[in-house]
Amino acid sequence: MNPHRYQKAFAVADYDLAATLTSGQAFRWRFRDDAWESVVNSRWICLKQNRNQFFAQTLVQNDDWKWLADYLQLEIDLPKILSTFPDDEPMRAAVAACHGLRLLRQDPWECLASFILSSTKQIVQIQQIVTLLCERFGTTVAVPTGREPMFAFPTVEQIAQRTEADLRACKMGFRAPYLLGTARMIARGEVDLAKLHGSSVEDARAELLKFPGVGRKIADCVLLFAYGFQSAFPVDVWIMKALQQLYFPKRRAHLKRLQKFSQTHFGPNAGYAQQYLFHYMRMKMNEEPR
DNA sequence: TCAGACCCTCACAG
DNA sequence: ACTGTGAGGGTCT
């Protein structure tokens, strides 16, 4: 009784699906049988890239595929964004090394919750925690016959109703009260995530900073990856290393100096530039550890 | 403004 | 095989 599959092909250019889905902005994509699988908007989704085409499959009838095009940001003009990057050597190297890297447009709650779980964690560990969280508290979604079950990301309510111990059992440690407190604030209506779409970046950031466990870095991740504020520039240890090495190789720059630099040097799409630097840095570290 | 603490897991020495 | 140690997309006090 294989559920019916709905398919669509998208024409794409300058899109490196693998780089995009593994670049640390989303944590639920897996490569399997030559395709990328995940759950987006509570739907099982399978994506395959073949040169300048994506083939997408779901099991739920889609009147249109706008939700997916939006998530993948298929409509944006990448060359135009790249043209706003500063014309310097580090940026040219990063762009050359990460051809087709994109920013996704994710669900704010899933993004916020995932990045609360990310603090002082490696990407594989974040994936592990998110997987456990979805398995235990998320709603089952339809999958192809014979597959292991998959789950939607737990809703605000599904998290808010748990206990701190329930969450700690997902290996998230001291982040458990942060996630729980955040879910409960949203459930009580103290902050409306949907409203932030119409806000200025400063107002939206101020709202996100009200949540426990959310500081400047995580707030900027959510502003960038979920709300599309492309000036947001999350500064983490990797970006610190990148800025230090690439822009201040001779002398040691102070944290404050680097943060200031990040907000002035990279232009209107600074967040996009950040993603290129981040990915470039991780690639370089993998090639030559230490 | 600034260390420490915070949970937990893995990789890597010894 | 086993224990010890350090560090990992930060934030809070």
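The chains referred to below are lettered A, B, ... by the order of the sequence lines, with proteins before strands, and numbering in each begins at 1.
- With hydrogens and angles ignored, a donor-acceptor pair under 3.5 angstrom links the side chain of A:Arg175 to the base of B:dC7.
- OP1 and OP2 of C:dG10 both lie 4.0 Å or more from every side-chain N or O belonging to A:Arg216.
- No N or O donor and acceptor, one from the side chain of A:Gln25 and one from the base of C:dG9, sit under 3.5 Å apart.
- In this structure, A:Phe233 has its ring center at least 6.0 angstrom away from the ring center of A:Phe278.
- The side chain of A:Tyr178 lies closest to C:dT11 when the candidates are C:dT11, B:dC10, C:dG9.
- A:Ser23 comes within contact range of at least one nucleobase, with a heavy-atom separation under 4.0 Å.
- Comparing B:dC6, B:dC8, C:dG9 by their closest approach to the side chain of A:Ile239 singles out C:dG9.
- If you check C:dG10, C:dG9, B:dC7 against the side chain of A:Ile218, the one that comes closest is C:dG10.
- If you check distances only, the side chain of A:Lys171 never reaches the base of B:dC7 with a donor-acceptor pair under 3.5 Å.
- One hydrophobic cluster holds both A:Met281 and A:Leu224 under the rule that ILVMFWY side chains link at heavy-atom gaps under 4.5 Å.
- In this structure, A:Gln122 reaches the sugar-phosphate backbone alone: every heavy-atom distance under 4.0 Å involves primed, P, OP1 or OP2 atoms, never a base.
- In the set C:dG9, B:dC7, B:dC10, B:dC10 carries the atom at the smallest distance from any side-chain atom of A:Gln128.
- B:dT1 and C:dG9 have their C1' atoms separated by 24 Å, given to the nearest Å.
- Annotation: of the two residues near DNA chain B, A:His254 and A:Met172, the 5′-most nearest-nucleotide partner is A:His254.
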